[in-house]
Number of protein chains: 2
Amino acid sequence: MSRTKRPINIRDVARAAGVSTMTVSRVINNPAVVAPLTRERVQQVIDELKYTPSSVARSLRSSRTYTIGLITVDFADHFFANLSVGAELEARRRGFRVMLSSTERNPNNEREFVTLLAEQRVDGILLARDAIQVPRDPLTDPLPVDVPIVSTGFFRPELALCSVDIDNVDGGRLATDHLLDHGHRRIAILTGPVDHKAAVDRLEGYQLALSRAGIKLDPHLIVHAHGRQPDDGYMAMNELIQREVNFSAVFVYSDALAIGAMRSLRRAGLRIPDDVSIVAYDNIDFAAFTDPPLTTVQQPIQELGALATRILIEYIETGERPVPITILRCFLVERGSVKSRPPE
Amino acid sequence: MSRTKRPINIRDVARAAGVSTMTVSRVINNPAVVAPLTRERVQQVIDELKYTPSSVARSLRSSRTYTIGLITVDFADHFFANLSVGAELEARRRGFRVMLSSTERNPNNEREFVTLLAEQRVDGILLARDAIQVPRDPLTDPLPVDVPIVSTGFFRPELALCSVDIDNVDGGRLATDHLLDHGHRRIAILTGPVDHKAAVDRLEGYQLALSRAGIKLDPHLIVHAHGRQPDDGYMAMNELIQREVNFSAVFVYSDALAIGAMRSLRRAGLRIPDDVSIVAYDNIDFAAFTDPPLTTVQQPIQELGALATRILIEYIETGERPVPITILRCFLVERGSVKSRPPE
DNA sequence: TTGTAGGCGTTATCAA
DNA sequence: TTGATAACGCCTACAA
């Protein structure tokens, strides 16, 4: 069983090439200073023996692993999957590897993972947090380790964690303005659960847009869904309809909720967008294929992952704590769920 | 800037506790063998100093990293995202870490990543391959490294890579049998692009089921989509309809294609499931919310990731090459897109 | 029960 | 231009 044999090391190469290990090391890391003839001979031996330098030994020597730890809530989730892709791409581009950990949506696992990653001596940690409010931040207590951390999701000034995030207030504003621009005045909002930070933020953006437009807020037009599934959107829309308040448009917290909400509207005999216009949020793959296709706010998720990673790596390289918070803007993807409301 | 200071090492602890490094090491790895009093004192110092043993040094010493490399095509993709989740969970449960790499759907990157991971001295590699046929397997040439690899996707006997996969032939059989059980006899198939192994396999399953049921194959009932997007399904279904062959049911390669196919059917004035029954494949989140909700074949993707990881880790631990190929079965998720066809 | 010595594979430093 | 030496942090083997 060939696996038991020890991998080729730098000494094997040195011996076979008749040079010292230092020369081999130089051929790998700084070939210019090695005499061309020597260099060539050594390189040939390296190829023949299929020598790959051990990152482990290098890391021990240099106390750098060129690895970042990525702690994520659940990377099968559309948001975190895309964030991870962005992070991995950016890390690779900069010569870093990514080590994965999923908290399985339990924030209390964060501490454990930070410790684990510290043990791995990762150069830094990217903490891709959920936007769900937690009674007590598991990282509030002084951390067991002193490693650069950049987080996504919550901004916690008391942690002095640097955070990169998406501007959900502006996203809510954007969606609402789009409906206002189409002449709507009675605009409802079907937002997410109250413990979702993003739900609160998007609601704030909605309120902001309305108040700027000089429209008085009607609390009857505000519903919170109880979860993130289409069914929750269905039920929330049912509730809105039961209130028998007049509205010609809705801003819905997410595409997933919108799918349920649309079903509820149809069941109530309301046509989309003729009777009710909808702007949703996320632009999941499916949003282009609902009936009608959803106009929706898209978040630059991959960019978020990439930017957070870039900031983290700069933090690692320079040792300078980055600006505490950086915000990324959403943009609108227009499709068929919004219709102009002719002035009456 | 506190980051520059060197992390606490075992010698710092030993000194502070007035013992040798070996005693500290034993407190960590084999506490039973240390005198209770000593143990307690050392443990206290460990806690005070927040000492975390360096995995890097351990790995150098033991030539084990307890890390597996995961090479994936694109882990924002539903399939690979779930596979990765399964892999990470299983790895963690067994005390392994996961290092991520994405080939961005370019199989030629595989070699590079294998080398990179070998440099990291990962204990093994999980190769989550795409099921797209490639003119030449980039790993066919002898690998530069001798590390346990388990793959998913293609089985390559010539590589002597062990492979874990999902039984797509049986999945196609399952879908078709379901339609047969509902009395359908004229069953079309809208399968994937010809270079997708899974598309070929599912077609084979379809043929198998029909032939077992004593139904003669009608090539006019077979269409290949040109891509994986809903639009490709739309166009493929248009083609099928244009052929003006009679059919009362379709087995569609994926939920994504089915979404487009349903649109095409509706446009042609065909009702689902009254005029045409559909069984699709994948059970993506959205499948429950189409109109009607899709009956679909679900693949045990997370289990696939977990099983492949388990096999890989066993390979690592025992050094024994696992059985070359292991197959996992799909199951049917019944919803509203299939209706019995009354015997005429 | 505890300690000493040595080496895992690499590279910075200094010397030749 | 090349080489000898030492050290990174840990743990196996052996000794006390």
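Lettering follows sequence order; numbering is per chain, from 1.
- Taking only distance into account, the side chain of B:R61 never meets the base of D:dC10 through a donor-acceptor pair shorter than 3.5 Å.
- In this structure, A:T38 reaches the sugar-phosphate backbone alone: every heavy-atom distance under 4.0 Å involves primed, P, OP1 or OP2 atoms, never a base.
- Closest contact between the side chain of B:L60 and the listed nucleotides C:dT10, D:dG9, C:dT13 involves D:dG9.
- Remark: the B:R26 side chain and the C:dG3 base include a donor-acceptor N/O pair separated by less than 3.5 Å.
- Using a 4.5 Å heavy-atom threshold, the side chains of B:I71 and B:R129 count as separate.
- Looking at heavy atoms from C-beta onward, B:I28 lies in side-chain contact with B:Y51 at the 4.5 angstrom threshold.
- Protein atom CG of B:N30 is 11 Å distant from nucleotide atom P of C:dT1, rounded to whole Å.
- Each of D:dT2, D:dC10, C:dT10 was ranked by its minimum atom distance to the side chain of B:Y51; first place goes to D:dC10.
- In this structure, A:T326 and A:D165 have side chains that are not in contact, with every pair of non-hydrogen atoms separated by 4.5 Å or more.
- Inter-residue side-chain proximity for A:R58 and A:P53 is flagged as met; some heavy-atom pair is nearer than 4.5 Å.
- Proximity of B:S163 to B:V150: side-chain heavy atoms (C-beta onward) are nowhere separated by under 4.5 Å.
- Note on B:S59: nothing from the nucleic acid sits closer than 4.0 angstrom, heavy atoms only.
- Checking the phosphate oxygens (OP1, OP2) of D:dC11, a side-chain nitrogen or oxygen of B:R58 falls inside 4.0 Å.
- One atom, CZ of A:R11, and another, P of D:dG3, lie 15 Å apart when rounded to the nearest Å.
- Taking the ring centre of A:Y66 as origin, the terminal cationic atom of A:R64 falls inside the region bounded by 6.0 Å and 45° from the ring axis.
- The side chain of B:A35 lies closest to C:dT1, out of C:dT11, C:dT1, C:dC8.
- Both A:M22 and B:A57 sit near DNA chain C, but only B:A57 has its closest nucleotide nearer the 5' end.
- Within the structure, a side-chain polar atom (N or O) of A:N29 is placed less than 4.0 Å from OP1 or OP2 of C:dT11.
- Rounded to a whole Å, the CZ atom of A:R39 is 9 Å from the P atom of D:dT2.
- Rounded to whole Å, the distance from CZ on B:R121 to C1' on D:dC10 is 18 Å.
- Here the P atom of nucleotide D:dT2 and the CZ atom of A:R15 are 20 Å apart, to the nearest Å.
- Rounded to an integer number of Å, the gap from B:E40 CD to C:dT2 P is 13 Å.
- Within the structure, a side-chain polar atom (N or O) of A:S25 is placed less than 4.0 Å from OP1 or OP2 of C:dT11.
- The residue B:S63 sits apart from the nucleic acid: no heavy atom pair falls under 4.0 Å.
- The side chain of B:S20 places no N or O atom within less than 4.0 Å of a non-bridging phosphate oxygen (OP1 or OP2) of C:dT2.
- One atom, CD1 of A:I10, and another, P of D:dT5, lie 17 Å apart when rounded to the nearest Å.
- Nucleic acid contact for B:V56: none, since no nucleic acid atom lies under 4.0 Å from a heavy atom of the residue.
- In this structure, A:Q120 atom CD and D:dG9 atom P are separated by 16 Å, rounded to whole Å.
- Between B:S62 and D:dC10, a side-chain N or O to OP1/OP2 separation shorter than 4.0 Å is absent.
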